[in-house]
Every structure is written in C-alpha cells, then in structure tokens.
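Contents: one structure, followed by commentary.
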Amino acid sequence: MGKKRVYLETFGCQMNELDSELVAGSLTSLGYSFTRDSDDADIVLYNTCSVRERAEQKVWSRLGAMKTAKKDRPDLVVGVLGCMAERDGTDLMHRMPVVDVMCGPAELDKLPELIDNAVRTKAALAADDPSMAIRKSAKAVALQGSASRRSSTLAAAGDSLESLDLGRMVSPVDVDSKRSAYVRITRGCNKFCTYCVVPHTRGAEIHRPPAHIIDEIKMLADSGVVEITLLGQTVNHYRFEHGSAVTVDGVVQPQKGRTYKGSHHRDSFAGDETTTFADLLYRIHEEVPAIRRLRFVTSYPRDFGNDVLEVIRDCPRICRYIHVPAQTGSNRMLKMMNRGYTIEEYDEFIDRCRSYLDQPELGRPLMLSGDVIVGFPTETDEDHEATKRMLERSRYKNCFIFKYSPRPGTVAYDKIPDDIPDEIKRARNNELLALQARISDEIAREQVGREFDVFVEGLSRKEHKKRGTDVKPGSGMVGITINGAASKAPVAVMDEAVGGDELVQFSGRTDGDLIVFFDAPAQRTDLVGTVVRARVMDADRLNLRGELI
Ligand code: SAH
Ligand code: SF4
Ligand code: F3S
C-alpha cells in the first residue's frame with residue numbers, strides 16, 4: 001500500500017484556512033501526500049462553513065459528485081470537517097451516506113486517527129469480502145456535540161486541541177511560497193449574535209496562552225514569514241489569566257516571562273497575572289521584530305480600549321487596518337441582533353480609532369473595513385436608510401455585504417420569522433454595494449500622491465494571466481484549495497515564469513491593506529516578501545498604481 005493521497009478543499013473564513021493548513025501539516029508529517037485533483041485522491045476532505053446556507057449548498061453539491069465517484073472507487077474515503085460537520089452532526093451522514101469521516105472544528109486534533117480508522121476498516125472489509133466495502137463503510141466521527149460547549153478555561157480537551165497549533169509544521173514548500181501566515185489567538189465565540197452559527201459550531205471562547213502564540217510566531221519568522229495575521233472572532237476580547245503564582249508567604253508573584261513594562265498601555269489591565277490584547281500585540285511586536293507586518297481580525301465594536309489603540313499607534317510594525325463589522329446602522333436591528341452596542345457607540349469607536357491612528361501625512365492613513373447584513377427580519381426602509389448613513393460615516397475601504405440567511409439552531413431562526421422577501425434583500429444588497437463602491441473609489445483617489453510602504457506579494461494577477469502562469473487552485477499550498485480558487489501567487493511559480501530586465505507588474509499591500517500595483521524588472525523576484533517604498537500615481541476603485549521610490 002503506497003502513500004495515501006489526500007485532496008483537501010476549504011470553504012469559509014480565515015479560521016478554516018488556518019485549520020486546513022494545520023491539518024495538512026499534520027497529515028503530511030504522518031506520511032500522507034497531497035494532490036490538487038480529487039479524481040487522483042484516496043481521501044477527499046472538505047473543510048466546511050455553515051455561516052450562510054449558500055456555503056453549505058456548495059458542499060452538498062461536492063458530496064453529490066463524490067457519490068458518483070465512489071461507485072467506481074469504493075475505497076475512496078470522504079470526510080466532512082469543520083463547521084458544517086459540527087452543525088449538522090450525524091444527520092449529515094444519514095442524509096449523505098457517502099460521508100465516511102466527520103470531524104468538528106474543535107476536534108481536528110483527532111482527524112488523523114479518524115482517517116486511519118476509516119482507511120483500515122475499509123481495507124479489512126475489502127479483504128474479507130470485496131463486495132462488503134461497497135455496501136458497508138467504516139464511519140468515524142468526532143464532534144463536540146451541541147450540548148457540551150468546552151469550558152472557557154483550558155480544559156484537558158482544549159489542551160489536546162492546542163496540540164494542533166503547537167504541532168504546526170512549516171514545510172519547505174510553504175517557506176518557499178509563503179511570507180504571510182495566520183496565527184490563532186482565540187478559539188470560539190461567546191457573543192451569540194442572534195443570526196450566527198459560529199458560537200454553536202466553534203464552541204466557547206478560549207484564549208491561547210501568550211507563550212504558545214509567541215513561540216509559534218518565532219518559529220514562523222525563523223522560516224521566513226514576515227507578515228502575521230492574528231485570528232479570533234472577537235480578537236479584542238483576548239485575555240489570558242495566568243495561574244497566580246503564590247509564594248509560601250502568600251504574596252502573588254508576577255509570572256515568569258512577562259517582560260512588558262509599558263504601563264501607559266494598561267488602562268484595561270487587571271494586573272500582572274493577565275495578558276490583555278494590548279499586551280499581546282506589544283509583546284509580539286517587541287519580541288519578534290522580524291515580523292514586519294502584524295495584523296489582526298476580527299475586531300468587535302465593543303470593549304476595544306484605548307490601550308489597544310495606543311499600542312497600535314506606538315508600534316510601527318502593527319498595521320493601521322481594523323476590520324470592525326457594524327452589521328447594520330439601525331439601533332432597532334442591533335438590538336434584535338443582540339450585538340450589545342448602539343450605533344452611537346459604534347460611531348464613537350470609529351472616531352476614536354481615527355483620532356489615534358489616522359496619519360495620512362506619514363503615509364499611514366487608517367483603513368477600516370466592515371460587514372453588513374441586509375434583510376434581517378422586520379428590517380424596514382427606515383432601518384435600511386440608517387445603514388446607508390452608517391456606511392457614509394464609517395467610510396470603509398471595503399465592506400462585505402450579506403443577505404440574511406436563517407441558520408437552524410440560532411435564536412433568530414427559532415424566534416424571528418425570515419419575513420423579508422428575497423427581492424427586497426437583493427435590492428438592498430445592490431444598493432449598499434453601489435454605495436460602498438463609490439466610497440471605496442473615493443478612498444482610493446485620496447491616496448494619489450501619497451507615499452507608502454508596500455509589502456510585495458508577487459506578480460500581479462494580470463501579469464500572470466498575460467504569461468499564462470495564472471496559478472491553479474491550491475498551488476504552493478500542499479494541494480489545499482480555498483473556495484475553489486488560489487489566493488496568492490507563490491514565488492516558486494513566479495521564478496519559473498519570469499526573468500531578465502523586462503518590466504513586469506508586481507502587486508503588494510500597504511499597511512492599511514490597500515492593494516498597490518507597480519512595475520519592476522522581471523529579475524527582481526527578490527522584492528517578493530520585502531517592504532518597498534512607493535508613490536501612488538493613479539487610482540481606480542481599490543486598485544492603486546504606484547512607482548517605486
Ligand atoms: N466574528 C465576526 C464575524 C464572523 S461571521 C464578527 O462578529 O464580526 C462573518 C460575517 O458573516 C459576519 O460579520 C456577518 O456579517 C455574516 N453573517 C453571519 N451570520 C450570518 C447570517 N446568518 N446571514 C448572513 N450573514 C451572516
Ligand atoms: Fe457570530 Fe457575533 Fe460571534 Fe461574530 S461575534 S462570530 S457575528 S456570534
Ligand atoms: Fe464559516 Fe465556521 Fe468560519 S461557520 S465563517 S467556517 S467559523
């Protein structure tokens with residue numbers, strides 16, 4: 001029996017992208033290899049998302065195709081990982097018998113064992129009676145179960161899941177092609193917004209120990225990563241309570257490893273035993289200077305203290321980019337969504353962010369982005385107008401706009417009928433998209449003439465298209481595809497594609513997450529993964545064209 005080949009496709013948010021990367025790393029270290037073609041795989045895994053119905057439909061159609069594929073390949077192992085597995089539970093297996101393995105996002109540390117079980121049982125069944133393998137299959141399931149939200153302390157269960165992040169393996173492939181990495185700081189969510197499945201699928205909020213986070217970032221930096229994006233559903237809630245170290249005479253000692261002394265950053269600080277989000281940012285910035293860009297998503301519009309804003313202002317390598325979804329501009333909707341803030345409080349927060357962080361004259365304008373849900377139950381024209389005014393005031397560089405999708409298991413699904421007709425949702429959605437497009441365009445034009453530090457990511461998409469080197473889904477990422485498309489052009493692919501002193505178009509990002517295109521000689525592939533200085537000459541929508549200076 002040769003090396004088993006795995007096809008892994010990812011849907012949903014950055015949290016899932018990271019989970020897929022970690023799972024791929026752990027399976028690789030156990031001897032599995034990866035393929036970019038599901039026809040060529042022994043094991044097909046879908047890392048799924050449940051946040052909107054549409055995300056789930058994509059997976060149902062993939063599973064339908066697998067049902068056909070399995071007729072010819074009865075040994076094929078099919079697995080559903082992630083949020084959809086957790087939300088649907090074993091119902092999904094009953095509905096789709098093609099699924100052999102199910103694994104929730106909080107159980108991914110168990111995945112290799114589950115796959116191994118499924119593969120072995122299938123082999124055994126096939127050896128006994130080849131027809132058995134077709135009719136029967138080895139089901140292997142690890143789900144957290146809706147009844148048992150893991151406790152918010154690092155329970156034994158949390159510890160074993162922690163091993164997935166701690167066991168992170170950076171393969172030479174990744175080092176070659178990836179200068180940017182996600183690092184989780186918080187799992188789960190405790191907010192229970194009434195429309196949202198995430199607290200049900202990802203479980204209770206658990207904060208990772210700062211020492212683990214910093215070790216992981218150091219390891220990534222050592223392997224060539226220069227940009228880190230910290231991940232959590234509500235990153236600003238990050239808070240790690242260190243076990244109190246009490247000496248014999250009863251005095252509480254500061255914990256070992258605390259080097260941070262910047263007391264002016266501490267207005268939401270509970271004492272030496274706690275690491276707040278501000279502390280964490282500061283520690284990463286000071287302890288891992290090789291990280292040129294430190295970013296974080298997603299911020300929650302409440303409980304975001306000035307201490308965090310001060311750290312961002314004072315630390316040059318922390319990006320001036322905040323993704324802070326308002327969801328709606330209407331107080332009535334905010335209340336029904338259980339968001340826990342008013343639109344006046346949201347506006348106050350945005351103003352505070354600008355007063356601390358908006359420094360366009362230094363090439364560091366603050367860039368904000370958001371998410372909005374249209375057509376939440378009972379949303380009136382008046383509520384919709386309030387959202388339009390919120391977009392005008394917030395002036396996001398970009399905003400994701402979603403039509404409300406009722407999700408089984410959430411409070412809104414159970415208690416508030418989805419009464420806004422789809423054509424109204426669609427019309428409101430289009431109206432907000434057009435409004436945001438105008439604002440994005442204005443923001444882009446405001447950048448003309450300004451100078452920025454630009455983190456170079458690779459050849460631009462356009463350049464790849466021109467050369468026919470457009471990246472196949474998943475290239476450079478051990479065969480992981482994300483929503484069926486490649487996210488970035490890896491350097492390895494680029495080196496093969498270019499050469500000489502002919503000018504080619506590169507793309508990169510400002511620390512406010514604005515995309516900048518610029519021309520440079522083709523042989524300057526060494527620019528990739530570095531920060532260059534560029535002046536913006538021209539802008540169109542969110543595409544900035546710059547010149548190196
Ligand atoms: N933790 C983040 C968001 C995670 S989900 C936050 O609180 O901001 C990403 C986005 O999906 C949300 O911001 C919301 O805009 C959207 N979303 C979540 N549930 C949804 C639903 N049932 N229907 C439509 N959009 C939804
Ligand atoms: Fe969902 Fe609200 Fe948690 Fe965001 S904060 S993940 S929208 S419940
Ligand atoms: Fe989707 Fe789960 Fe992320 S529901 S948005 S994959 S946390």
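Counting begins at 1 with the first residue of the sequence. Atom set for the values below is all heavy atoms of this structure, side chains included, hydrogens, waters and symmetry mates excluded. For ligands, and for the atoms within them, numbers begin at 1 and follow the listed sequence.
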Does atom CZ of Arg54 have more than 12 heavy-atom neighbours from other groups under 6.0 Å away?
-> no
Basic-acidic side-chain contact under 4.0 Å: Arg426, Asp422 = yes
Measure the distance from atom 5 (S) of ligand 1 to every protein heavy atom, then report the residue, atom name and distance (to 0.1 Å) of the closest one.
-> Val51 CG2, 4.0 Å
Has Arg202 got any heavy atom lying under 4.0 angstrom from an atom of ligand 2?
-> no
With backbone taken as N, CA, C and O and side chain as the heavy atoms from C-beta onward, which portion of Arg339 lies under 4.0 Å from ligand 1: side chain, backbone, both, or neither?
-> side chain
Starting from the C-alpha separation in whole Å, work towards a yes-or-no answer on ring-ring contact (aromatic ring centres under 6.0 Å, His included) for Tyr404 and Tyr195.
-> CA-CA 8 Å; Tyr404 171 63; Tyr195 51 81; 7.3 Å; no
What's the count of protein N, O or S atoms under 2.8 Å from atom 2 (Fe) of ligand 3?
-> 1
Before signing off on this row, confirm whether Arg52 and ligand 1 have an N or O atom pair separated by under 3.5 Å.
-> yes
Identity and distance of the protein heavy atom lying nearest atom 3 (C) of ligand 1 = Gln233 OE1, 4.0 Å
Distance under 6.0 Å and angle within 45° of the ring axis: does Arg52 meet both against Phe402?
-> yes
The single option from Arg293, Arg320, Arg295 that satisfies salt bridge (charged side-chain N to carboxylate O under 4.0 Å, His left out) with Asp513 is Arg295
Tell me: protein heavy atom nearest atom 8 (O) of ligand 1, and distance?
-> Pro325 CG, 3.1 Å
Any N/O pair Gln327/ligand 1 closer than 3.5 Å | yes
Compute the minimum heavy-atom distance from Thr298 to ligand 1 and say whether it is under 4.0 Å.
-> yes
In terms of residue, atom name and distance, what is the protein heavy atom nearest to atom 4 (Fe) of ligand 2?
-> Arg339 NH1, 4.3 Å
Pair Glu216 + Arg208, salt bridge at N-O below 4.0 Å | yes
Please say whether Ser299 places an N or O atom under 3.5 Å from an N or O atom belonging to ligand 1.
-> no
Lys425 heavy atom under 4.0 Å from ligand 1 = no
Check whether any heavy atom of Lys403 sits under 4.0 Å from an atom of ligand 1.
-> yes
Are any of the side-chain nitrogens in Arg87 or Glu56 under 4.0 Å away from the carboxylate oxygens of its partner?
-> yes
Using 4.0 Å as the upper bound for N to carboxylate O, is an ion pair formed by Glu345 and Arg302?
-> no
SB check Glu162 Arg187 (cutoff 4.0 Å) | yes
Salt bridge flag under 4.0 Å for residues Glu227 and Arg179 = no
Would His242 and Thr274 count as having a side-chain donor-acceptor pair, cut-off 3.5 Å?
-> no
Within less than 2.8 Å of atom 1 (Fe) of ligand 2, how many protein N/O/S atoms are there?
-> 1
Could you tell me which atoms of ligand 1, counted from 1 in the order shown, lie closer than 4.0 angstrom to a heavy atom of Arg407?
-> 22 (N)
May I ask you to decide whether Glu205 forms a salt bridge with Lys191, counting only side-chain N to carboxylate O separations under 4.0 Å?
-> no
Mark up the atoms of ligand 3 that fall under 4.0 Å of a heavy atom belonging to Gln233, in ascending order.
-> 7 (S)
Under 4.0 Å from ligand 1, counting heavy atoms only, is it the side chain of Tyr195, its backbone, both or neither?
-> both
Do side-chain atoms of Asp419 reach the backbone of Thr378 as a donor and acceptor pair under 3.5 angstrom?
-> yes
Is there side-chain contact between Ile43 and Asp100, with heavy atoms separated by less than 4.5 Å?
-> no
Name of the residue among Phe277, Tyr321, Tyr182 meeting ring-ring contact (aromatic ring centres under 6.0 Å, His included) with Phe296 | Phe277
Salt bridge Glu113-Lys110, side-chain N to carboxylate O under 4.0 Å = no
If we only count N/O pairs under 3.5 Å, is Asp371 in contact with ligand 1?
-> yes
Taking the non-hydrogen atoms of Ile373, is any one of them nearer than 4.0 angstrom to ligand 1?
-> yes
Side chain proximity check, Met390 to Ile343, heavy atoms < 4.5 angstrom | yes
Can you check whether Ser405 has an N/O within less than 3.5 Å of an N/O in ligand 1?
-> yes
Decide, yes or no, whether a salt bridge links Arg239 with Glu241 under the criterion of side-chain N to carboxylate O below 4.0 Å.
-> yes
